Amino acid sequence: MRKPESKSRSRKRFVPSMPTREELAENKYLAPIAHRFLSPELWRFTRRSVPRGVALGLFAGFIVPLGQVFLAAFLALPARANVPLAALTTFVTNPLTLPFWLIAANRVGAFMLDIESPVMSQAAGDLASNSGVLAGWFETAGITAFGFVVLAILSSAIGYLVASAVWRLVVGRKRRRRVAAAHLRRAAQQQQQQQGELR
C-alpha cells in the first residue's frame, strides 16, 4: 500500500522553488533580517495578512524578472503580510507564462504611452532610420518594462480587493455554518430537556 505524501513533500513537488520558513531564515542574502522570518504572525492566515500577501506577491512577480520570491518575502516583513502567500503568488510569472506576460506588458505599455499616434509613429520612424534596429529593440524594451510596471500596480490592487472579498466570503460561510450548528445543538438539548421533564 502506498504511503500518503507529507505536506512539505507534496508542496515541494508542485511548487519546487518556494522556500520554507527555515530556508528563508538560513538564506545568506536575508541574514541580517533572517530572525524576523521566524515570527509566527508572518505565517498566519488572517483577514489583513492574506490580501497583503497576495498584493505583494503579484507586485514582486511583475516588477522584477529574477528573485521575486525573496523580494516578496522581504516586502512582507514591514507590511506584516502572509509570507507563504506572497511567495506563492509570485509564480504567476514563471518560464511557462513569461511569453504571454511579455506580449501583454508590451501591449499595455504601448497603449498607455500612445499619447498621439502620428507623433509616436513619426518619432519611431526617425529613430529607426537614424539608429537602426538597435534603437527599435531599446524602444520595445522600454515600452515592455513600462507595461510591467503598470501590470504590477494594477494586479496588486486587483489581487488585494479579490483576496479581501474571497476571505470575507469564506469566513462568512464558516461563521454561518458554526451558528447553524450551534442552533441545532441548542435545539437538540432543549428537546432532550423537554423529554426528560415529560418522563
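Quick caveat: nothing in here was measured; it's all calculated off a predicted structure. Nothing fancy with the numbering, it's 1 onward along the sequence.
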Main-chain N/O of Ile143 paired to Asn106 side chain as donor or acceptor, under 3.5 Å
no
Find the distance between CZ (Arg177) and NZ (Lys174) and round it off to the nearest 0.5 Å.
8.5 Å
Give, for atom OG of Ser155 and atom OH of Tyr160, the distance between the pair rounded to the nearest 0.5 Å.
15.0 Å
Interatomic distance, Phe146 atom CZ to Leu151 atom CG [nearest 0.5 angstrom]
10.5 Å
Within the side chain of Ser156, is there an N or O that forms a donor-acceptor pair under 3.5 Å with the backbone of Ala152?
yes
Donor-acceptor contact below 3.5 Å, side chain Arg44 vs main chain Asn82:
no
Applying the 4.5 Å side-chain criterion to the ILVMFWY set and letting contacts propagate, would Ile153 and Val64 be lumped into a single cluster?
yes
Looking at Val54 and Gly159, what are the two nearest heavy atoms and their distance?
CG1-O, 3.7 Å
Straight-line distance of Arg48 CZ to Arg80 CZ, nearest 0.5 Å:
11.5 Å
How many angstroms lie between atom CZ of Phe62 and atom OG1 of Thr89, to the nearest 0.5 angstrom?
10.0 Å
Write down the atom of Trp167, the atom of Phe45, and the distance for their closest heavy-atom approach.
CH2-O, 3.3 Å
Show me the side-chain donor-acceptor pairs of residues 90-99 shorter than 3.5 Å, one per line, residues at least two apart or across chains.
| residue | atom | partner | partner atom | Å |
| --- | --- | --- | --- | --- |
| Thr90 | OG1 | Ala87 | O | 2.5 |
| Thr93 | OG1 | Gly61 | O | 2.7 |
| Thr93 | OG1 | Gln68 | NE2 | 3.2 |
| Thr93 | OG1 | Thr90 | O | 3.3 |
| Asn94 | OD1 | Leu96 | N | 2.9 |
| Asn94 | OD1 | Thr97 | N | 3.0 |
| Asn94 | ND2 | Phe91 | O | 2.7 |
| Thr97 | OG1 | Val92 | O | 2.9 |
| Thr97 | OG1 | Asn94 | N | 3.0 |
| Thr97 | OG1 | Asn94 | O | 3.4 |

Might you work through the side chain to side chain contact (heavy atoms under 4.5 Å, CB included) test for Leu102 and Phe148, ending with a clear yes or no?
CA-CA 8 Å; Leu102 283 169; Phe148 270 118; 3.7 Å; yes
